[in-house]
Structures are given as structure tokens and as C-alpha cells.
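Chain naming here is simple, since letters A, B, ... match the order of the sequence lines and numbering starts at 1 in each. Computation of the quantities below employed the complete heavy-atom set of this structure, encompassing side-chain atoms and omitting hydrogens, waters and symmetry-equivalent molecules.
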Amino acid sequence: MKQLSLLSSCKSLRSLQQLQAHATKSSLDADPLFAGKLLLHCAVHISDAHDYAERLLLHSPNPNAFMYNAVIRGFSDSDSPRRSISTFSLMLRNLSSQIDSFTLAFSLKSAANLRCLRTGAQLHCQALLRGLETHIFVGTTLVSMYGECGRVEFARDVFDEIPEPNTVTWNALLTAFFRRGDVGGAERVFAAMPAKSPTSYNLMLGGYAKLGEFAIAGKVFDEMPLKDEVSWSTMILGLAQHGWYEEAFACFLRLRRVGTRPNEVSLTGVLSACAQAGALEFAKMVHCFVEKVGLIWITPVNNALMDTYSKCGSVDMARLVFERMPGKRSIVSWTTLIAGLAMQGHGEEALALFLEMEGSGVEPDATAFVALLYACTHAGLVEEGSEMFDKMSNLYRLDPEIEHYGCMVDLYGRAGQLARAYEFVIQMPIPPNDVIWRTLLGACSFHENVHLAEKARDKLSEIDPNNSGDRVLLSNIYAVAGKWRDAAAVRRSMAELKLRKSPGWSRIEVDKMVYMFVAGVRGDDATREAYEKLGEVMSRIRVEGGYVPEVVSVLHDVEEEEKEGAVAAHSEKLAVAFGMARSGGARRVRVVKNLRVCRDCHNVMKLISKVYELEIVLRDRSRFHCFKNGNCSCKDYW
DNA sequence: ATAGGGTTAG
């Protein structure tokens with residue numbers, strides 16, 4: 001059986017088809033054993049070959065159970081698990097008597113991935129009919145399926161009937177409790193487990209991390225007897241996702257210290273922390289590491305690197321990673337770079353890259369269109385964006401989703417075409433949500449349109465009445481229009497409802513350390529240093545740059561940051577001042593802010609860049625601003 | 001074969 005051993009060396013569909021041609025010549029293809037193995041290899045071990053496996057099955061004159069099972073398995077973890085179920089139905093019609101534990105385990109996994117309780121319950125019936133519901137693999141997958149469908153009680157019922165549940169079965173039950181958000185239940189299961197593998201600890205770790213309970217997660221992590229790759233990834237990712245960036249960096253360094261080799265998941269995790277915190281220097285170090293351990297071949301790692309460089313303001317590095325990536329570029333790779341260019345306001349380049357992607361045979365998906373429309377919005381490419389929106393449904397048959405409609409409202413709104421934006425909202429085929437109206441409200445604020453703002457407000461008060469950000473926007477619009485009474489009334493209503501704004505922060509990286517500043521929060525040495533420097537900077541730009549603080553501009557804070565009286569400063573000013581104080585002769589400082597930059601800070605940055613001949617790269621919540629010689633790359637358009 | 005961690009847009 002030389003051909004059988006050759007099979008496992010086939011890595012691509014083409015080499016498999018060659019082998020198949022040889023087999024046909026020697027009539028080997030008539031051998032049901034060979035046909036089955038070939039199909040299994042095709043469905044499970046070769047990527048994107050599910051379709052071919054399914055065709056082989058459908059064209060086979062006498063498919064056996066092994067072949068059905070191979071296709072069911074192949075689709076179970078694919079992006080179309082539904083086809084696994086349709087293959088099951090086919091088998092039920094043609095070869096019902098041969099349905100076995102393999103058939104049911106993989107079909108159930110598909111039902112679990114689909115979160116389809118109906119299908120899962122029907123498969124459960126089939127298992128009962130055949131006496132397979134307590135079979136260890138089938139039973140375990142049943143527990144998992146009910147858990148995925150949110151039915152802990154059913155999962156428990158199945159579990160209780162399994163005579164000898166193993167660790168995997170227990171873990172499936174544990175997962176079911178966490179999926180339901182029942183931490184107490186999960187803790188009871190964990191305590192009752194007769195044996196615990198690292199996976200059981202990892203599940204507890206992940207469950208606590210998801211809730212942001214890092215005090216407990218850290219305790220589990222420190223006390224678990226054996227940490228594997230998943231333990232480290234879970235910890236690093238969890239920290240990154242909850243905004244504990246410095247802790248994520250520390251965990252990554254600790255991982256390196258103990259000599260464990262970080263895998264691609266922990267690397268993407270720490271890169272995500274770098275991206276969010278804007279920690280360029282740390283990201284560069286991680287990049288070196290990626291090259292060193294040979295993970296540069298992994299596409300998602302490259303995508304994470306590109307995203308990180310873009311969000312740290314180095315879109316050139318992102319472009320370089322894209323050009324040099326040795327692995328295959330996925331749709332995500334293209335989308336990431338398009339979004340990166342968009343953030344810097346390089347709309348034309350993003351548009352060109354999108355066309356290049358189309359030319360290279362990669363079909364854009366809904367997300368790629370979001371990134372593209374976002375690029376058009378931030379570069380003021382109104383007509384181009386409008387064309388692309390039409391292209392999406394006309395050429396690619398993609399139904400625009402709420403996000404795409406949001407992009408279009410933003411596109412027209414930011415460009416000042418408020419009537420067109422409103423018209424667009426009114427005739428949307430799906431009901432506009434709070435984000436759509438909020439986008440319109442934001443545009444009204446920027447272009448000072450009280451009349452339309454009130455329409456948006458009326459809609460928002462129906463959908464999301466207690467949003468503090470909306471009220472801040474509204475009060476600012478009134479203030480700008482000179483309607484001080486209305487502005488004050490909105491502020492008062494906020495106070496009465498005890499609506500708090502989310503605090504604004506800015507971060508800056510100096511000597512590989514990340515410092516965070518929050519407006520109105522004082523006390524630590526770094527903040528004292530920042531205020532001291534800021535005082536000097538402000539008086540110099542007043543004298544040499546002609547800076548005049550406007551009353552309106554202070555109120556015109558686009559988002560949530562509260563004005564903190566005359567001496568308090570927005571966090572981005574503090575971060576920049578700190579950077580100037582610490583990095584002596586540096587020509588450039590980079591700051592990351594969690595909210596949008598306000599108009600006053602924007603003015604100040606422009607003046608600093610001119611008076612001090614300093615380049616300031618400021619990332620706010622929606623884009624990058626590069627201040628140089630008194631101008632900003634956003635052309636005052638944000 | 002069955003359980004655990006991941007990249008893009010807002």
C-alpha cells in the first residue's frame with residue numbers, strides 16, 4: 001500500500017489529485033479503503049478542500065460510512081458547518097444503519113458551532129435511538145453542544161447519565177457553566193472534578209479573565225501546577241482585552257524569562273496590547289522576537305504586526321511588513337493595511353490598495369468595505385465612497401450592514417453635507433440604531449447645526465436615553481450657537497441623572513516605559529513634572545505663537561472630558577508636555593488618547609509643533625493627527 | 001474523535 005503512505009505527504013489539493021490520477025490507472029480507486037482514506041485526508045488535512053471532498057462523496061457510486069463521516073468531520077470545523085448537517089441528512093437517507101459514534105460526535109460538533117439547539121436536539125434523538133448517548137465521545141460532545149446553545153441544565157442531564165465521564169467531559173461541563181455566566185456553578189464543577197488537566201485550570205483562568213477578575217485569575221495562574229502555551233496566551237490576551245496593557249507586557253516578559261517559547265497566540269495578544277497602548281518600542285522588540293523564533297510565516301501574526309505598527313503611527317512599517325510577508329496574504333491582511341492607511345488620512349492610497357486587492361483576485365468581504373468607506377470618510381472622498389457603497393451590493397452582492405450605513409452617514413456628515421446625510425438615514429432599508437443617530441449628532445456638532453441636532457436627539461432619547469456622551473455633544477452644540485440656557489439645562493439633567501463621563505486618558509512611551517495621564521488627576525511625580533513643563537510651554541506659545549484660549553473651544557470638547565477649571569489640562573497636553581520634558585532633544589513625540597481630541601488641544605499641538613519645531617503624532621479614538629510646522633495631517637478635518 | 005487561547009472595521 002505505497003499509495004496510502006504517500007497520501008499523508010500530500011499537502012495541497014493538486015498533489016492529492018495527481019496521486020488520485022495514478023490510483024485510477026491502477027484501479028486502486030475502486031478499493032473502498034483507499035477511497036475512504038483519500039476522502040478523509042482531503043476533508044481534514046488539506047485546507048480549503050472540503051468542497052472537493054464533498055464532490056467526491058456525491059460522485060461516488062457506493063459511498064461507505066467512513067466516507068460520509070470524513071465529509072461530516074471536514075465541515076464540522078469549517079466556516080460552513082451547515083453542510084456537515086446536510087451531509088448527515090444524506091447519510092440518514094442512504095445509509096442510516098451505519099450511523100455510528102463518529103457520525104454523531106462530528107455532527108453534534110457542527111450543531112454546537114452553529115449554536116443550533118433544534119439540530120442538536122434532533123441529533124440527540126438519533127443518538128438515543130442507537131443507544132449512543134452515553135458513549136464517551138458522543139456524550140461529551142452532547143454536553144458541549146448544550147453548553148454552546150446556552151442550556152446548562154440539559155448539559156447536566158446528559159452528563160449525569162454518562163457512566164464514566166473523563167476529564168474532557170468534565171471540562172465540557174465547566175465550559176457550559178461559564179458560557180452561561182454562572183461562575184459559582186463553574187467553581188462547584190471545578191471543585192468536584194476527580195482529576196484536573198491544564199485545560200481545566202485554563203478554563204477557570206479564561207472564565208475569570210473574561211470577567212476582568214484578574215486578582216483571582218492571577219491566583220489561579222500562579223497556583224496551577226503546570227502552565228502550558230494556552231495558559232500564557234489566555235492571561236496575556238485577557239489582560240490586553242481589558243486594558244491592562246502594562247500587565248500584559250509584564251506577563252509577556254515573564255513568559256520569556258521562564259524560557260517558555262511564546263506561540264503565535266500569545267504574540268498576537270501582546271501585539272494587541274501594544275496596538276491599543278500605542279507602545280511602538282515594545283512592539284519593535286516583539287517584532288524582532290517574531291523573526292527570531294520563526295513565527296513570521298504565520299499570517300495572523302503578520303496581520304497583528306501591521307495593525308500594531310499602524311496604530312502606533314508607523315504605517316510605513318506596516319506597509320513593509322505587508323510587502324515582505326512570506327506567508328499568504330489573507331483578506332484580513334489587506335483590510336488591516338487599508339484601515340491603517342485610513343487612520344493616517346491616506347485615503348487615496350487606501351483606495352488604490354483596495355483596487356490592487358481586487359486585481360489580485362482577493363474578493364472583498366463586508367469588513368473590507370467598512371475599512372474602505374472609513375478611508376474615504378477620513379480623507380473627504382465623498383463621491384468615491386458613495387460609488388464604493390453602490391459597488392458593494394451591485395458587484396459583490398454583499399448586503400450593506402448597519403456599520404456600512406454608519407460609514408455613509410459619517411462620510412456625508414463630516415463633509416458637511418448634512419441634508420444628504422439625513423436623507424440617507426431616512427431612506428435606509430434597515431431601522432437606524434443609536435450609532436447612526438449619534439454619528440449624525442456628531443456631524444451636527446462639528447458643523448454647528450442645531451435644528452438637525454434636535455431631530456437626532458429626539459431619536460436618541462427613544463433608543464438610548466441615558467447616554468452621557470450624547471448630552472455632552474448636545475450641550476456643546478447649544479453653547480456654540482449661543483443658546484446658553486439650553487446648554488445649561490442639558491448639563492443640569494446630566495447631574496440630576498448622575499450621568500458620569502468616561503474619563504479621558506493619554507499615554508506616552510518614554511524609555512520603553514508607558515506613562516498614563518488623566519485630566520484632573522494629580523499626585524504622582526510624572527504628573528507634577530508634566531504640569532510644570534506644560535506651564536512653561538503654554539506661556540511660550542502664547543508669546544511666540546499667539547495662542548488665545550477660546551471660551552467656546554473649551555466647551556467644544558467633542559466628547560466626554562470634563563473641563564477641570566482654568567489650571568487643569570486635558571490629558572493629551574500633559575502627555576505631550578511630559579514627553580518634551582523627558583525626551584530632551586527628540587524631534588518627535590507620540591501620544592495615544594482614548595477619546596477624540598478637542599479643538600483647543602488641537603490648536604495647542606499645532607502651535608507647539610511650530611514654536612518648538614517638534615513633530616507630534618497624536619492618535620485619538622478615531623484617527624491619527626501628525627502635527628508639523630504648525631499644521632496637522634488631518635487638515636483640521638476630524 | 002470529545003474540552004481551552006487568536007488577526008481586520010465601528
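- Listed here is the closest heavy atom pair of A/Arg438 and A/Asp470: NE-OD1, 2.6 Å.
- Residue A/Ser101 places a side-chain atom within donor-acceptor reach of the base of B/dA1, judged by atom type and a 3.5 Å distance cut-off alone.
- The phosphate of B/dT2 (OP1 or OP2) has a side-chain N or O of A/Lys109 nearer than 4.0 angstrom.
- Residues satisfying the side chain to side chain donor-acceptor pair (under 3.5 Å) criterion with A/Arg261, sequence neighbours excluded, are absent altogether.
- Residue side chain A/Phe102 meets the stacking definition with respect to B/dA1: its ring centre sits within less than 5.5 angstrom of the base's six-membered ring centre, and the planes differ by less than 30 degrees.
- The side chain to side chain donor-acceptor pair (under 3.5 Å) check on A/Thr199 picks up nothing, with sequence neighbours excluded.
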Could you list the donor-acceptor pairs under 3.5 angstrom formed by side chains in residues 361-369 of chain A, with sequence neighbours left out?
| from | atom 1 | to | atom 2 | distance (Å) |
| --- | --- | --- | --- | --- |
| A/Asp365 | OD1 | A/Thr367 | N | 3.3 |
| A/Asp365 | OD1 | A/Ala368 | N | 2.9 |

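- Nearest nucleotide to the side chain of A/Asn171, out of B/dA3, B/dG4, B/dT2: B/dA3.
- Legend: side chain to side chain donor-acceptor pair (under 3.5 Å) pairs involving residues 225-238 of chain A, not counting sequence neighbours, sorted by first then second residue: A/Asn202-A/Asp228, A/Asn202-A/Ser231, A/Asp228-A/Ser231, A/Glu229-A/Asn263.
- With distances taken from any side-chain atom of A/Phe137 to the nucleotides B/dG4, B/dA1, B/dT8, the minimum falls on B/dA1.
- The side chain of A/Arg73 has B/dA1 as its nearest neighbour among B/dT2, B/dG4, B/dA1.
- The side chain of A/Thr140 sits closest to B/dT2 out of B/dT8, B/dG5, B/dT2.
- One can find a donor-acceptor pair under 3.5 Å joining the base of B/dG5 and the side-chain atoms of A/Ser233.
- Considering only residues two or more places apart in sequence or on other chains, A/Phe282 meets the ring-ring contact (aromatic ring centres under 6.0 Å, His included) condition with A/Phe249.
- Taking every heavy atom of residues 299-311 of chain A and every atom of DNA chain B, pairs under 4.0 Å involve A/Pro300, A/Asn303, A/Asp307, A/Lys311, by number.
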